[in-house]
Every structure is written in structure tokens, then in C-alpha cells.
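Comments concern the structure below.
Count residues from 1 along the sequence.
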Amino acid sequence: MLPLSGLKILDFSTLLPGPYATQLLADMGADVLRIEAPSRPDLLQMMPPKAGKVSAAHASINRNKKSLAIDLKHAEAKSIISRLLNDYDILIEQFRPGVMARLGLDYEQLKAIQPRLIYCSLTGYGQTGPLKDRAGHDINYLALSGLASYSGRHDTGPVLASTQVADIAGGSHHAVMAILAAVIARTQSNQGQYLDISMADAALALNTLFGANALVSQTDPQCGQEMLNGGLFYDYYQTADERYLSIGSLEPNFAVGLLQTLELSHLIPSMMNQNHEHQQTIKSAIADKIATKTQAHWIQLFNQLDLCVEPVLTLQEAANYPQFIARNMLTSAVDSQGTLIPQINTALPFKEKSPHQAGVPLGANSREVLQSSGYSPEQIEVLIQSGCVKSL
């Protein structure tokens with residue numbers, strides 16, 4: 001049995017931050033029911049490429065979840081949600097502040113129906129503060145949090161990350177942690193609670209290392225000037241075939257081994273001198289040496305050593321890398337047509353051996369969910385005909 005079996009979650013979120021949070025919860029065994037708008041489908045479902053008849057991203061991020069398509073503005077919508085709260089006593093939503101209240105579905109109204117309700121609002125700027133109603137995206141939260149100000153090179157300034165750091169590490173992961181903490185608290189109090197998760201707040205908190213230094217020293221970290229962002233020889237280096245190596249040999253024993261391996265032993269006496277110009281001299285020497293051979297040459301050499309040097313892999317290469325295969329980090333999901341879709345597995349230590357269920361089409365589970373909540377087939381048909389509910 002997976003550890004979250006028995007937890008039942010209503011998911012009102014779309015796109016990435018909320019759905020990835022509930023993917024993590026579903027992968028751990030939670031019963032996640034997506035509440036989706038019939039007339040405004042999740043844009044993730046339309047994102048190319050397709051895996052069979054569905055979006056590959058939707059099939060992955062919404063795997064192991066059910067779908068109830070319901071028009072939340074319909075007069076009967078709140079009644080349906082109220083019934084669902086008898087079983088589904090955890091809720092996550094990603095609307096702007098005030099939207100759920102206008103729908104009659106905010107925490108204060110729903111906790112009167114279900115006092116054990118754990119209600120998580122995941123938004124860009126949170127439910128309070130001067131920016132609470134402002135639109136935003138990952139890039140904006142990283143910008144305002146200070147993270148972007150030292151993520152890049154001195155000559156380029158801030159650069160875009162390859163993944164949505166504020167959305168995922170900020171929003172998704174903090175939402176999951178808060179929800180699970182609230183579940184533990186509920187076992188003691190038998191009461192739910194409201195959780196206000198801000199992606200901008202979480203991005204600011206991710207400054208934990210350099211933020212601590214900046215607040216004490218009153219000096220801001222700079223692009224390409226710090227220990228871990230290019231100020232030292234800890235960096236990426238281009239090989240002769242225009243591939244890259246990552247060199248993270250920070251500790252003295254690793255640094256000595258690196259310089260000896262690269263036949264740069266003359267730099268060892270001064271390698272710990274953190275003067276920026278001196279470090280750039282060391283970096284230039286390492287870069288010149290790495291540029292003389294192909295990535296394959298360096299892989300073969302450093303695979304025999306333990307010096308914190310690894311190749312920069314493409315995603316296809318990573319998917320076939322022995323370490324990730326051994327760790328069962330590749331999995332598959334089966335869609336409604338029986339097609340197997342390859343996916344990245346959860347990194348949590350709760351991996352099912354059987355294929356996941358791929359993200360289902362809009363309204364795929366509407367009838368079964370309503371029936372399990374006590375609606376008769378006739379009542380369900382009336383809800384469908386009225387436009388309140390959509391079903392396949």
C-alpha cells in the first residue's frame with residue numbers, strides 16, 4: 001500500500017504548479033479528483049507533442065488522477081462540491097484571490113460543511129499584500145525574489161532556467177509539504193486548516209544560502225561572482241565536440257585531483273585563493289584543457305575517478321543513463337486506448353511496478369464520481385443536460 005492511500009483530494013488547479021503538486025500526492029497513493037471547467041479546458045491538454053491522442057505533458061503531470069468536468073458557475077455546482085466534501089476533505093486551488101469566494105467555494109464557506117477540510121490556495125503572491133491580485137509567472141517571482149539577480153553571467157545578466165523554479169520548487173513542493181503537515185496536525189486536532197502558499201514567498205525562501213550572507217553583510221550576490229554561480233572554477237566547460245562537462249571539484253582533495261588529472265599541478269598551491277581574477281585564471285586554464293578533447297574522452301577518463309566531474313547530458317541521454325535506470329526513474333503510463341506512454345518516474349521512494357494511469361480526458365470520471373457521491377443515474381443525466389456537468 002502506498003503511504004497516502006486513503007487521502008482524497010479535490011484539485012481545482014490547472015497548468016503546472018498545482019497539478020505537479022497533486023501528481024506528487026497521487027504518486028504516493030492519494031486519490032486525486034480534478035475539478036475541471038467544461039468550457040475552458042486546461043491548456044496543458046493542448047500542449048504538443050501528443051502521446052497517442054493526448055498531450056504527453058498532460059498524460060504525465062495528471063497521471064493517476066480522475067476528472068470531473070463541472071461548471072462552477074452553475075447553480076447546482078456548490079451542491080455537488082458539498083457532497084464530495086463528505087469524502088474529499090483536502091482541497092487545492094490556484095485561482096486569484098477572491099475567485100473561489102465569488103463561487104461560494106472559499107475556505108470559510110466550505111469548512112462549515114466539512115470542519116476537517118484542509119484547504120490549500122496556491123498563488124503567485126499569496127492572499128495578502130499589495131501584489132495579491134497581480135498576474136504573474138515563474139519569471140516574475142524569480143525576478144522579485146532576488147534569485148534572478150545572481151543567476152547568470154556577468155556579461156549576460158539574468159538567464160532563464162531550464163525549468164520553472166518558482167512554480168515547482170517554490171509552489172508545488174511547498175504546497176505538498178504544507179498539506180502533509182496539515183494532515184499530521186489534523187490527526188491530533190481533528191480539525192482542518194487554511195494554507196496560503198505564495199510562489200513568490202517560496203522563491204524568496206530559496207535564497208537560503210546566499211540570502212543569509214546578503215542580509216548579514218548588506219552586500220548583494222552578483223552574477224558570475226559567487227562560489228556556486230561561476231565565481232570559482234565550479235562551472236560548465238565546453239569540450240572539443242561542443243558538448244559540456246560539469247566540474248564541481250570544490251573541496252581541496254577534489255580540486256587537487258582535478259588539477260593533477262588535467263596536468264595543471266602548477267595551479268595547486270594557489271587554487272584556494274578566491275580572488276575573482278585569480279579564479280578566472282584557473283578557470284581559463286581548465287577551459288583550455290577541456291576544449292582539447294571530446295566529451296566522450298573526458299567521460300572515459302573521469303568515470304574512473306571520484307572528483308565531482310560529470311558530463312552534461314541531453315534528456316534522451318539522461319533517460320538511458322545507467323544510474324537513472326538502476327534507480328527506476330523511468331516508468332510508463334497507460335492511456336484510455338491501452339497505449340503505453342513513457343514517462344519520468346517519481347523521485348520519491350514509493351514507486352509502483354505496474355504502469356501508471358495516464359492523465360484522463362476532460363470529464364472521464366464524471367458519472368462514476370457523481371454516482372459514488374449518491375446521485376442516481378437519472379439525477380446525473382439531468383446535471384449533464386443542464387450543462388452543469390460534462391461527461392464522456
- request: Work out which heavy atom in Leu267 is nearest to a heavy atom in Ala285; give both atom names and the distance.
  value: CD1-CB, 3.8 Å

message: By the definition side chain to side chain contact (heavy atoms under 4.5 Å, CB included), identify the one residue from Met199, His174, His173 that meets it with Pro17.
response: Met199

- prompt: Under 3.5 Å, is there a donor-acceptor pair between the side chain of His58 and the main chain of Val360?
  reply: yes

- prompt: Any Lys/Arg nitrogen of Asp106 or Lys111 sitting under 4.0 Å from an Asp/Glu carboxylate oxygen of the other?
  reply: no

- request: Please work out whether the ring planes of Tyr150 and Phe210 are parallel, tilted or perpendicular, with thresholds of 30° and 60°.
  value: perpendicular

- prompt: Are any side-chain N or O atoms of Asn64 and backbone N or O atoms of Gln357, one a donor and one an acceptor, separated by less than 3.5 Å?
  reply: yes

- prompt: Is the Lys NZ or Arg CZ of Lys283 less than 6.0 Å from the centre of Phe233's six-membered ring, within 45° of the axis?
  reply: no

field: Hydrophobic cluster membership, Val382 vs Val389, 4.5 Å side-chain cutoff
entry: no

- prompt: How are the rings of Tyr141 and Tyr125 set relative to one another: parallel (under 30°), tilted (30 to 60°) or perpendicular (over 60°)?
  reply: perpendicular

message: Using modelled atom types and a 3.5 Å cut-off, is there a donor and acceptor pairing between side-chain atoms of Ser55 and backbone atoms of Ala51?
response: no

query: Tyr237 and Tyr244: aromatic ring centres closer than 6.0 Å?
result: no

task: Please work out whether the ring planes of Tyr107 and Tyr119 are parallel, tilted or perpendicular, with thresholds of 30° and 60°.
output: perpendicular

query: Can you name the nearest heavy-atom pair linking Arg243 to Thr314, along with the distance?
result: NH2-CG2, 4.0 Å

message: Tell me whether His297 contacts the main-chain N or O of Lys293 through its side chain, where contact means a donor paired with an acceptor under 3.5 Å.
response: no

message: For Asp42, is there an ion pair with Arg34 - N to carboxylate O distance below 4.0 angstrom?
response: yes

- request: Take Lys390 and Asp71, measure what salt bridge (Lys or Arg N to Asp or Glu O under 4.0 Å) needs, and give me the verdict at the end.
  value: CA-CA 8 Å; Lys390 181 177 180 179; Asp71 179 359; over 6 Å; no

field: salt_bridge(Lys66, Glu36) N-O dist < 4.0 Å
entry: no

message: Between the side chains of Asp27 and Lys351, is the shortest nitrogen-to-carboxylate-oxygen separation below 4.0 Å, so that they form an ion pair?
response: no

